[in-house]
Amino acid sequence: MEPHRSPGLLQGKRLVLGVTGSIAAYKAVSLLRTFKAQGAAVSVVMTAAATKFVAPLTFEVLSGERVVTDLFHTHEEMKHLTVPENAHAIVVAPATANFLAKAALGLADDVLSTMLLAARCPFIVAPAMDGGMWRHPTVVEHVDLLRSRGVRVIDPEEGPLASGQVAQGRLATESSIVEAVLAALTPRSDWQGQNVLISAGPTQEAIDPVRFISNRSSGKMGYAIAEAARDRGANVVLVTGPTSLPRPSGVEIVSVTTAKEMAEAICRRFPWATVVVMAAAVADFCPKEQAPHKLKKHGRSSLVLELEPAPDILAMLSARKTNQILVGFAAETERLLAHAETKLKEKGLDMIVANDVTRAGAGFGSDNNAAVILTREGRQRELGLMSKRKLADELLTEVKNLRTGCHPPSVISVG
Ligand code: CTP
């Protein structure tokens, strides 16, 4: 008798897996196996350069389907039209800088790029390239353009690259790619009608015209929450301190620099909001006075800066709160839960997300995070190391439970 197997997450779905000419092409083999193991039917389409790295036969055997490599040398019907027509999603992993440029500009000089113009299904790209190339203004512009059109671009990760350089450019992990595919295939609308005000990134407090006090926040967590809320149907306003992150499409962005500016922007939109998530690392103190000219070291043996408290935005909001849900973050380096509980109570929050920023592979700048969610009713939920996007979705589900009064067991762990 056949052993019982639960249906995979991609059961009944047909994917196009596009593979382009990057050294990371070998990782697409494992990705294909995962898609297949999750029940998807997969048509693999390779660019000519990709075939220099991995033989099409490898993909052919594992997918059980003919690999499409050429726009012209095919005996079958017009593959560039029929393959995307039947697909639920197109995933290009790895995507080279050349492919991103063609996709952004609509150039169609091979079968994969031509398919994109014919496709009407979700399109997901996972770029991989050397760090300098990923940061090149041309590539940045193409990625922004693709994102603004609703393409899901999964940022490459930081780490050792084929060149020996350690930089951002490695193909995102298989689990992030699979998560993005699932999110694209199963759009949720459980946050429809909610107005979500999110803060992200650091603030900068000027000392003089060229210097400022700031912190290590990258903004990635707040941006991930904004994207997750948008994807689940919410109206989202993202108030962001200075970051180098691409602006998410479909989200109203308000750029600020200082804690005071952030406080003003958030307080102005507070009456509109139904949920506020303060993921920003806001300054607690700022220089009392900003020097009008660059401070000179000449003639000084030391320099004392006088700081004054910056507005505590969450405390201000909790004093004005009507029926909004207030969510704070507690970035700690020691006594995580004790500090988080104190902040939850003192700032009058409904929920706090506590994370230990000293933990390896989590926290500032990382694509992953681990956290403990504490609620005002004393519930605790531990979320193990996971992508910031997944953590964002878990957080939104917890906030939704708080709203609907749904109370799963009081201590649960995930991840
Ligand atoms: N926060 C805020 N306004 C500030 C400082 C912080 O609204 N001026 C918010 C943060 O966005 C976060 C929460 O308060 O959601 C906790 O921030 P954190 O920096 O961890 O705590 P602080 O209150 O600043 O306390 P401490 O720095 O002493 O840990």
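What you see below is based on every heavy atom in this structure, not just the backbone, and it leaves out hydrogens, waters and symmetry mates. Counting starts at 1 for both ligands and their atoms, in listed order.
Of the N and O atoms on the side chains of Tyr223 and Thr240, at least one donor lies less than 3.5 Å from an acceptor on the other residue. Side-chain contact of Thr34 with Glu174: a donor-acceptor pair under 3.5 Å is present, judged by distance alone. Side-chain atoms of Asn98 and Thr96 include no donor-acceptor pair closer than 3.5 Å.
Enumerated by chain and number, the residues approaching ligand 1 to less than 4.0 Å through a heavy atom are Met278, Ala280, Val282, Ala283, Asp284, Pro311, Asp312, Ile313, Leu314, Gly328, Phe329, Ala330, Ala331, Lys343, Lys347.
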Practice task
Kindly determine whether Lys388 and Asn368 satisfy side-chain contact (heavy atoms from CB on, under 4.5 Å), including the steps that lead there.
Solution key: CA-CA 5 Å; Lys388 285 186 172 169; Asn368 297 316; 5.7 Å; no
Exercise for the section: Go through Gln194 and Lys400 one step at a time and tell me if the side-chain contact (heavy atoms from CB on, under 4.5 Å) criterion holds. Expected result: CA-CA 10 Å; Gln194 297 294 327; Lys400 198 178 79 180; over 6 Å; no
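Distance alone, capped at 3.5 Å, is enough to place a donor-acceptor pair between the Arg149 side chain and the Ala104 backbone.
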